[in-house]
Peer 1: 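First the structure, which I've put down as structure tokens, then a few questions once you've had a look.
Both backbone and side-chain heavy atoms feed into the values below; hydrogens, waters and symmetry mates do not. Just follow the structure's listing: the first ligand is 1, and inside any ligand the first atom is 1.
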Amino acid sequence: MELAILAKCLLLGLVILWIQIHGNKGCFETERLALLDFKEFVGSNGLDVDYLLSSWVDNSMSDCCKWERVMCNSTTGHVTELSLNNTRQYDIERISFYDDKNIWFVKFSMFQQLKELRSLNLSYNRIGGFIDDTNFETLSELKKLEVLDLSTNYFNNSILSPLSNLTSLKTLILSDNIMEGSFPSKELISDLKNLESLDVSLNRFHSTLPFQGKL
Ligand SMILES: *[C@@H]1O[C@H](CO)[C@@H](O)[C@H](O)[C@H]1NC(C)=O
Ligand SMILES: *[C@@H]1O[C@H](CO)[C@@H](O)[C@H](O)[C@H]1NC(C)=O
Ligand SMILES: *[C@@H]1O[C@H](CO)[C@@H](O)[C@H](O)[C@H]1NC(C)=O
Ligand SMILES: *[C@@H]1O[C@H](CO)[C@@H](O)[C@H](O)[C@H]1NC(C)=O
Ligand SMILES: *[C@@H]1O[C@H](CO)[C@@H](O)[C@H](O)[C@H]1NC(C)=O
């Protein structure tokens, strides 16, 4: 009799333990789908995504926290870091990188489900702009974003005003793009109150100083 009760308690305990271990294991479905949106976008540009993002499989049992280029907080299971740099995996030293004239226009709202995202690297992707860059609301959803690397793309000045909505940014890297005019843009700097480091080198700004370093 007592043994039966003990066995039941033990079983219940095991079930609770199992739920605790598995409950926040694996990524969130909304985040997994957001990442698959990006994969689909890359594929729609004619790239072999089953090679380039081979671990990103469309299967609800697949834990996106284990995918290449993705890092999650191990406690919360939310995606916190995305290294989507050089998605085409070119040897960036080679001429083939500069020969590819396929410029991407990315929908930034793809990332809006990743509410815990802290770091996003989109460098070396030949991105010409965010097609929804007038949608300020989308950008301000990323309340935790601290590091954004957009270097070595084809961003022009139209990116600057929407970026000012990413108020949690501490590090912003915009080097090697095609921005011009006078910099620093007062608007950007006054809105990004948490900014500690800004790199706008290798653009076409008038400024005589290479504007790079700590603010
Ligand atoms: C993971 O998230 C928890 C809860 O938000 C936070 O306390 C912790 O610092 C995070 N861990 C890392 C490595 O960022
Ligand atoms: C992306 O950048 C990280 C450094 O932040 C580097 O370790 C990694 O090799 C880069 N990935 C590609 C495909 O270039
Ligand atoms: C982003 O990726 C580029 C290219 O791989 C790398 O050089 C750079 O260090 C990365 N940026 C950050 C903030 O890690
Ligand atoms: C910036 O790039 C976008 C996207 O290519 C384009 O629509 C816009 O006209 C450009 N703006 C300037 C000021 O060059
Ligand atoms: C985004 O920034 C624009 C201009 O910089 C500002 O007018 C708007 O109120 C901001 N929106 C949000 C949701 O922060």
Peer 1: Output the distance between atom OG1 (T171) and atom CG (N194), rounded to the nearest 0.5 Å.
Peer 2: 11.0 Å
Peer 1: Give one line per pair: atom of ligand 3, protein atom, distance. Only N/O to N/O under 3.5 Å.
Peer 2:
unit_1, atom_1, unit_2, atom_2, d
ligand 3, 2 (O), N85, ND2, 3.3
ligand 3, 2 (O), N121, OD1, 3.4
ligand 3, 2 (O), N121, ND2, 2.4
ligand 3, 2 (O), S123, OG, 3.1
ligand 3, 5 (O), N85, ND2, 2.9
ligand 3, 11 (N), N121, ND2, 2.9
ligand 3, 11 (N), D149, OD2, 2.7

Peer 1: Determine the interplanar angle of the F41 and W104 rings, folded into 0 to 90°, and report it as parallel if under 30°, tilted if 30 to 60°, perpendicular if over 60°.
Peer 2: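 Perpendicular, since the angle between the ring planes exceeds 60°.
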Peer 1: Within the supplied structure, the quantity of interest is the number of heavy atoms (other residues, nucleotides, ligands) at a distance under 6.0 Å from K115 NZ; does it exceed 12?
Peer 2: yes
Peer 1: May I ask you to check whether over 12 heavy atoms, not counting those of Q89, lie within 6.0 Å of atom CD?
Peer 2: yes
Peer 1: Between N203 and N177, is there a donor-acceptor pair closer than 3.5 Å when you use the side chain of the first and the backbone of the second?
Peer 2: yes
Peer 1: If you measure from the SG of C65 to the SG of C72, is it under 2.5 Å?
Peer 2: yes
Peer 1: Check each atom of ligand 4 against the heavy atoms of S158 and keep those under 4.0 Å away; list them by number with element.
Peer 2: 1 (C)
Peer 1: Give the contacting part of R88 toward ligand 2: side chain, backbone, both or neither, where contact means a heavy-atom distance below 4.0 Å.
Peer 2: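 The answer is neither.
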Peer 1: Counting only N and O atoms by type, is there a donor-acceptor contact under 3.5 Å from the side chain of N153 to the main-chain atoms of F155?
Peer 2: no
Peer 1: F105 near ligand 4, heavy-atom distance under 4.0 Å?
Peer 2: yes
Peer 1: Does the side chain of L148 come within less than 4.5 Å of L166's, by heavy atoms?
Peer 2: yes
Peer 1: Please could you name the atoms of ligand 4 that N156 approaches to less than 4.0 Å, counting only its heavy atoms?
Peer 2: 1 (C), 2 (O), 3 (C), 8 (C), 10 (C), 11 (N), 12 (C), 14 (O)
